[in-house]
Amino acid sequence: MKTTISLTGPAQLETESLVAVVLDHSEKDHSEKDHSEKDHGHSSSDKNKDAKPHLRVESNDPAVQSAAAELLASGELSGKPFEINLLHKPAGLKAKRILLLSGGKTKKFAGYDLRRLAGAAVRSLKSRAIRSFAFIAPSTIPPEEAVRAIVEGALVGNFDADYYRSDRKDQKIDALTILTSGNTDKAALEKAAAEAQIIGESQNFTRDLVNEPSNRMTPTILAERAKKMSAEVGLKCEVYGADKIKELKMGAFWSVAQGSDEPPALIIMRYEPAGAPEKPVLGLVGKGITFDTGGISIKPADGMEKMKYDMAGGATMIGAMRAIALLKPKVKVIGIVCATENMPSGKAQKPGDVQIAMSGKSIEIINTDAEGRLVLADGLHYAKQLGCTHLVDAATLTGAVVVALGYTNAGLFTNDDAMYERFSKALNKAGEKMWRLPLDDEYKENIKSGIADIVNSGGRWAGAINAAMFLKEFAEDTPWIHLDIAGTAWTEDQKPWIAKGPTGIALRSLVEFVKSFAATEKA
Ligand code: BES
Ligand code: MN
Ligand code: ZN
């Protein structure tokens, strides 16, 4: 998708379709009043129900306003997010069509929502075989932020996962123009668009990897894809097999890999730009289980096919390294992916087995289906050995995080408040949602073993926390964030802004997080 910034007046632009955002300016007063009165009774909800939307199209161009005027005044629209209307041959505009896209209440409307609207515009227009359009950036959001949101959101919307359908249409938007107005610095906006393009394309690169089924995305193939990408963008990439994993004494990683006929892969990608300070060195560690049967503690058949996306954390790190290599922030980053299948076999580990991790800690295997934390234990320890001063891991780690947070927020765990503050800002910039869960010492009880240092499964309660407590044993004192993306890496329903399938969650925040070190920390 080619992206252009234009300062042309929307009315003057010849395009297949203009896209304008419609916002509801009504409720403002009502909701403020409701809050101040602390009135949660019937009267306030009735009032809200009666409140008519007060819709305005977000463009200063009088021709755009008048093209939308009749529809907005008709009373036909709710103004709710993702309401879509397409008008043909709009009077007074050179555009062939104008798509009016509701964004909900103006007060709540932020970059997060604009991203999704851009995705919805792409998905609506491409399904009509339209290949190019122009999006009017709403002036309620600062122009650079708006440009980033529109480009990233449009790229997310442009991805479809139905690769193996013989009737796949593969409809895509080829060209996007973003119309901005006012005293904007065009060069700065073009830079923002170019960076957003790198990030959005990297997110789709990750989604491509996650989308592949396990017979087409073995650890070996994942490693090959990482190598190919690294060569293209100028990253150093090493891939190690079983021998090296055993030589490094990665007993936890190997305990999972030993049960599979597919060889495992330890993937290491290094970004060491000239002029970067010695420290920090950021370590991005990903869970790369290309298929999780559960092992001997085998999973039920129902829904097991979804376990092809159990390498999403690893794919996220590979995509993030791609974006980082192209954006070139002055900070060292090492990406590590522990890739293997989790299979039952005559060689598979069994419940009760004791494994010695690379760090020397002994682990009693209670459940062979708690395999992600095992491969990450050695990945995190290895990252520290390679000199990483800060660690972030991403993993589809627990069903329990889905119970806790559903499909909306990823789970976030950390041993370092300062790192959390920094990551929160990155989340905000990237328009992604994650929620911090606790890691109090009391939870450590749950992973005590009668025979070894720790067990790999802490039972039913606080399952997502127990998994994170296990990882914390290997991060130790190094500032570390763990992202449990089990509920958010895949969407079962298609949404107006995104296709059913892999989401690429966490990549954008990781990239913003890495960039924040380059901007503020000097040697
Ligand atoms: N890969 C799964 C977690 C998962 C569940 C990812 C649902 C995506 C969707 C993980 O390896 C797993 O099996 N976790 C177990 C841990 C338990 C045995 C302690 C779980 O969550 O049930
Ligand atoms: Mn598992
Ligand atoms: Zn798993």
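In each ligand, atom 1 is the first atom listed, and ligand 1 is the first ligand listed. Keep in mind that this is a model prediction, so the values were computed, not measured.
Ranking protein heavy atoms by distance to atom 15 (C) of ligand 1, first place goes to Asp369 O, 4.0 Å.
In this structure, Arg422 is positioned above the aromatic face of Phe517, its NZ or CZ under 6.0 Å from the six-membered ring centre and within 45° of the axis.
Contact annotation for Asn342 and ligand 1: no heavy atom of the residue comes within less than 4.0 Å of the ligand. Contacts between Met311 and ligand 1, counted as non-hydrogen atom pairs separated by less than 4.0 Å, are absent for every part of the residue.
Listed by chain and number, the protein atoms of type N/O/S under 2.8 Å from the Mn ion (ligand 2) are Asp292 OD2, Asp369 O, Asp369 OD1, Glu371 OE1; waters are omitted. Distances under 2.8 Å from the Zn ion (ligand 3) pick out the protein N/O/S atoms Lys287 NZ, Asp292 OD2, Asp310 OD2, Glu371 OE2.
Taking CG of Leu114 as the start and CD of Glu152 as the end, the distance is 10.5 Å to the nearest 0.5 Å.
The shortest N or O to N or O distance between Ser457 and ligand 1 is not below 3.5 Å. Distances between N or O atoms of Val402 and those of ligand 1 include no value under 3.5 Å. Checked by distance only, ligand 1 and Thr398 stay at 3.5 Å or farther apart across all their nitrogen or oxygen atoms.
Among Asn367, Thr368, Asp310, the residue whose heavy atom lies closest to atom 18 (C) of ligand 1 is Asn367. For the residues Gly313, Gly372, Gly399, Gly295, the heavy atom positioned nearest atom 22 (O) of ligand 1 is part of Gly399. In this structure, of Trp490, Tyr309, Phe470, the residue bringing a heavy atom nearest to atom 9 (C) of ligand 1 is Tyr309.
Within the structure, ligand 1 has Arg373 among the residues with a heavy atom less than 4.0 angstrom away. The shortest heavy-atom distance from Lys299 to ligand 1 is under 4.0 Å.
In summary, the side chains of Asp393 and Trp480 do present a donor paired with an acceptor at a separation below 3.5 Å, with no hydrogens or angles considered.
In summary, the atoms of ligand 1 found under 4.0 Å from a heavy atom of Thr396, numbered by their order in the structure, are 1 (N), 2 (C), 3 (C), 6 (C). Taking every non-hydrogen atom of Glu371 and a distance limit under 4.0 Å, the qualifying atoms of ligand 1 come out as 11 (O).
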